[in-house]
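Step one of this worksheet: look at the structure below.
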Amino acid sequence: MGAKYTKRSEDYSKWYNELIERADLAEHSDVRGCMVIKPYGYAIWEKIKEVLDAKFKETGHDNAYFPLFIPKSYLSKEAEHVEGFAKECAVVTHYRLKNSDNGEVVVDPEAKLEEELIVRPTSETIIWNSFKSWVQSYRDLPLKINQWANVVRWEMRTRLFLRTAEFLWQEGHTAHATKQEAIEEAEQMLHIYADVLEQYMAIPVVRGLKTASERFAGAEETYCIEALMQDGKALQAGTSHFLGQNFAKAFDVKFADKDGALEHVWATSWGVSTRLIGGLLMTHSDDEGLVLPPKLAPIQVAIVPIYKNEDQLNAISEKVAILKKNLSEKGISVKFDDDDNRRPGWKFAEYEAKGVPVRVAIGPRDLENEKAEVARRDTKEKEIVDWSTVDQYIVDLLDEIQENLLTKASDFTQENTTEVNSYDEFKKVLEEKGGFISAHWDGSEETEQKIKEETKATIRCIPLNRKQEAGNCVYSGNPSEGRVLFAKAY
RNA sequence: CGGGAUGUAGCUUAGUUCGGUUAAAGUGCUCGUCUGGGGGGCGAGAGAUCGGAGGUUCAAAUCCUCUCAUCCCGACCA
């Protein structure tokens with residue numbers, strides 16, 4: 001019988017790890033904290049990339065590429081920024097190896113770099129060093145650059161996709177003539193992220209602002225999207241920063257306005273990473289494996305033939321070829337799995353584990369009746385469908401699955417967002433129910449810190465759409481102008 | 001960087017307490033065969049210098065010393 005896997009209800013993080021292994025998304029590398037993204041996992045990342053990249057270009061951004069290595073001196077130009085990242089930077093100190101006397105490869109002590117290089121944890125500094133020479137006039141603005149890259153942050157504790165020492169991401173960096181324009185850019189990108197998560201990944205998010213303590217090092221304001229995972233913990237899925245003139249001043253990036261006056265430019269940066277895949281997994285997947293929204297599934301339809309001999313397989317293959325062609329013409333990716341080494345039952349389980357949204361089974365019985373069995377991954381329902389209408393049925397079903405996943409996840413987020421009005425209630429809900437807790441907060445860092453220490457819950461964000469509502473802080477009783485969202489987070 | 005644990009076949013593990021034939025099993029892999037509508041049955045086969053180095057002993061996966069690596073728990077984080 002089937003292999004036994006951990007259920008979500010038994011041990012959520014074990015389930016998560018097994019899910020990734022089962023679906024063949026990624027594996028641990030021998031390098032501590034690093035992962036190997038396997039083809040199926042990478043295919044999902046490529047889908048995400050494709051969607052985002054198109055949106056970036058639509059909104060006037062150009063891709064470019066900056067070096068992996070950053071001179072140490074650059075990092076120290078913006079004081080807060082260094083402080084934020086210093087503890088997790090990998091440093092290159094030498095540029096050569098040699099053979100030692102006993103035949104081992106060792107670092108050549110002679111080959112010490114004069115200035116050490118930092119492996120980028122993010123690229124603000126090296127990019128702003130370039131921007132300095134790219135920007136002279138208001139005619140050069142706005143400057144809107146994006147790069148797809150890997151970055152390294154030497155994390156203590158890592159988890160596949162959610163937090164790894166090296167990860168893939170995109171980082172946008174823009175320069176603007178006015179503060180207002182920069183803020184609008186940061187907000188625009190936040191909304192693009194939110195739309196992509198909701199419309200493509202079927203992950204509902206809360207759009208908000210970070211508190212000062214959770215803000216990006218070097219930013220004036222950090223916008224974020226927060227999503228709620230099945231186990232009631234929050235995941236920061238993307239951030240967008242208004243950087244003010246901090247980097248412009250640190251790197252002396254000035255432009256001449258129409259009157260010839262020199263001013264520092266205003267900046268933003270924004271990014272999402274392979275962490276999104278972790279969020280995708282923890283939003284939709286179940287005990288049988290991955291559940292992928294059709295818009296991101298590398299394989300949208302898997303067709304499994306059931307046959308006893310070659311004649312039957314040939315007859316099935318002939319029919320399937322037509323279906324496959326019809327679906328492909330509609331932009332649907334189809335895999336016909338006629339691998340004779342695996343039996344149908346094995347394939348069913350396999351495509352479930354991989355989260356393929358729709359599975360079609362066709363055997364001798366169906367051939368005779370002019371039918372096919374169509375199964376949907378999200379609800380695991382099966383339907384016997386007339387062969388003549390099966391292609392339209394699948395097209396509609398894919399849309400329905402996409403919609404259903406978002407609805408289900410939205411309902412979950414709503415049901416697990418709880419308003420509380422006292423600290424006792426706060427602790428009780430956090431303990432028993434989890435999820436987002438919407439509570440009044442007095443705006444002070446001390447209160448935020450105390451709550452974090454006592455409950456491990458942090459302020460995930462100040463929702464952008466929160467209503468102005470006078471109230472009293474659940475912790476201190478001091479006046480508050482509105483509710484913020486607390487949660488335990490990944 | 002503190003506290004705890006583990007390294008044995010591709011993977012998961014048994015064996016280590018108390019040293020003793022040819023290191024065992026499940027799974028995966030290869031071949032054959034019967035099969036095929038929910039992770040198949042039977043038969044055969046390949047696959048391990050027991051993390052590494054040194055030591056004790058007639059004899060080491062097992063005991064000792066050192067070393068390397070990984071995992072878990074804490075402080076840090078997209």
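All chains are named by letter (A, B, ...) in the order of the sequence lines, taking the proteins before the strands, and each is independently numbered beginning at 1. Below, each value reflects all heavy atoms present in this structure, side chains not excepted, and no hydrogens, waters or symmetry copies.
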- In B/S/- notation (B base, S sugar-phosphate only, - none; protein heavy atoms under 4.0 Å), nucleotides 72-78 of chain B written 5' to 3' is -SSBBBB
How far does the [atom1] atom of [N] sit from the matching atom of [M], given to the nearest Å?
N	M	atom1	answer
B:rA23	B:rG51	P	15 Å
B:rA46	B:rG26	P	15 Å
B:rU21	B:rU67	P	32 Å
B:rU56	B:rC64	C1'	7 Å
B:rA53	B:rA69	C1'	15 Å
B:rG45	B:rA60	P	30 Å
B:rA25	B:rA9	C1'	11 Å
B:rA48	B:rA24	P	13 Å

- Message: For A:Lys47, give me all partners under salt bridge (Lys or Arg N to Asp or Glu O under 4.0 Å), at least two apart in sequence or on another chain.
- Response: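 None.
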- Looking at every strand, decide which applies to A:Asp340 at a 4.0 Å heavy-atom threshold: base, sugar-phosphate, or nothing. base
- Message: Under 4.0 Å between a side-chain nitrogen and a carboxylate oxygen: does that hold for A:Asp286 and A:Arg377?
- Response: yes
- Message: Please determine whether a side-chain nitrogen of the Lys or Arg among A:Arg359 and A:Glu352 lies less than 4.0 Å from a carboxylate oxygen of the Asp or Glu.
- Response: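 Salt bridge present between A:Arg359 and A:Glu352.
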Between [atom2] of [N] and [atom1] of [X], the distance in whole Å:
X	N	atom1	atom2	answer
A:Trp346	B:rC29	CH2	C1'	13 Å
A:Asp339	B:rG39	CG	P	17 Å
A:Leu313	B:rU35	CG	P	17 Å
A:Lys347	B:rG40	NZ	P	12 Å
A:Glu310	B:rU35	CD	P	16 Å
A:Glu27	B:rU12	CD	P	12 Å
A:Glu18	B:rU12	CD	C1'	11 Å
A:Asp11	B:rC71	CG	P	17 Å

- Message: Taking atom types as they are modelled, would you say the side chain of A:Lys382 forms a donor-acceptor pair with the base of B:rG38 within the 3.5 Å cutoff?
- Response: yes
- Classify the side chain of A:Asn309 versus the base of B:rG36 as yes if they form a donor-acceptor pair under 3.5 Å and no if they do not. no
- Are the ring centres of A:Phe251 and A:Phe131 closer than 6.0 Å?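 Aromatic pair excluded; centres sit 6.0 Å or further apart.
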- Does the gap between the ring centers of A:Phe56 and A:Trp270 come in under 6.0 Å? yes
- Message: Which heavy atom of A:Gln230 sits nearest to which heavy atom of A:Tyr12, and what is that distance?
- Response: OE1-OH, 2.9 Å
- Just wondering, more than 12 heavy atoms not from A:Glu10 lying within 6.0 Å of its CD? yes
- Message: Tell me whether the count of non-hydrogen atoms from other residues, nucleotides or ligands lying under 6.0 Å of CD in A:Gln449 goes above 12.
- Response: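 Yes, enclosed.
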- Treating a pair as Watson-Crick (purine N1 to pyrimidine N3 plus N6-O4 or O6-N4) or G-U wobble (N1-O2 and O6-N3) with both distances under 3.5 Å, list the stems of 3 or more consecutive pairs that involve RNA chain B. B:1-7 with B:68-74, B:10-13 with B:24-27, B:29-34 with B:40-45, B:51-55 with B:63-67
- Per side-chain contact (heavy atoms from CB on, under 4.5 Å), A:Thr59 is matched among A:Lys55, A:Lys57, A:His61 by A:His61
- Task: Using heavy atoms to find the nearest nucleotide of RNA chain B for A:Arg342 and A:Phe348 separately, return the residue whose nucleotide is more 5′.
- Result: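 The residue closer to the strand's 5' end, by nearest nucleotide, is A:Arg342.
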- Taking atom types as modelled, is there a side-chain donor on A:Glu184 or A:Gln188 under 3.5 Å from an acceptor on the other? no
- Just say parallel, tilted or perpendicular for the rings of A:Trp45 and A:Trp148, cut-offs at 30° and 60°. perpendicular
- Which parts of residues 290-304 of chain A get close to RNA chain B, meaning a heavy atom less than 4.0 angstrom away?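 None, since no heavy atom is under 4.0 Å.
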- Message: Let's see if you get this right: which residues in residues 353-369 of chain A place a heavy atom under 4.0 Å from RNA chain B?
- Response: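 Close to the strand are A:Arg359, A:Ala361, A:Gly363, A:Pro364, A:Arg365, A:Asp366.
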- Qualifying residue, where the test is salt bridge (Lys or Arg N to Asp or Glu O under 4.0 Å) with A:Lys210 and the options are A:Glu221, A:Glu226, A:Glu220: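 Checked A:Glu221, A:Glu226, A:Glu220 against A:Lys210; only one passes salt bridge (Lys or Arg N to Asp or Glu O under 4.0 Å): A:Glu226.
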- Query: Of all the nucleotides listed (B:rG36, B:rC29, B:rC71), which has the minimum atom distance to the side chain of A:Lys308?
  - Reply: B:rG36
- Where the side chain of A:Glu124 meets the backbone of A:Phe247, is there a donor-acceptor pair that is under 3.5 Å apart?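 Checking the backbone N and O of A:Phe247 against the side chain of A:Glu124, no donor-acceptor pair under 3.5 Å is found.
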Side-chain donor-acceptor distances from residues 17-24 of chain A under 3.5 Å, at least two apart:
unit_1: A:Asn17; atom_1: ND2; unit_2: A:Ser13; atom_2: O; d: 3.3
unit_1: A:Glu18; atom_1: OE1; unit_2: A:Thr6; atom_2: N; d: 2.7
unit_1: A:Glu18; atom_1: OE1; unit_2: A:Thr6; atom_2: OG1; d: 3.2
unit_1: A:Glu18; atom_1: OE2; unit_2: A:Thr6; atom_2: OG1; d: 2.9
unit_1: A:Arg22; atom_1: NH1; unit_2: A:Glu288; atom_2: O; d: 3.1
unit_1: A:Arg22; atom_1: NH2; unit_2: A:Asp287; atom_2: O; d: 3.0
unit_1: A:Asp24; atom_1: OD1; unit_2: A:Lys38; atom_2: NZ; d: 2.7

- Does NZ or CZ of A:Lys450 come closer than 6.0 Å to the centre of the six-membered ring of A:Tyr475, within 45° of the ring's axis? no
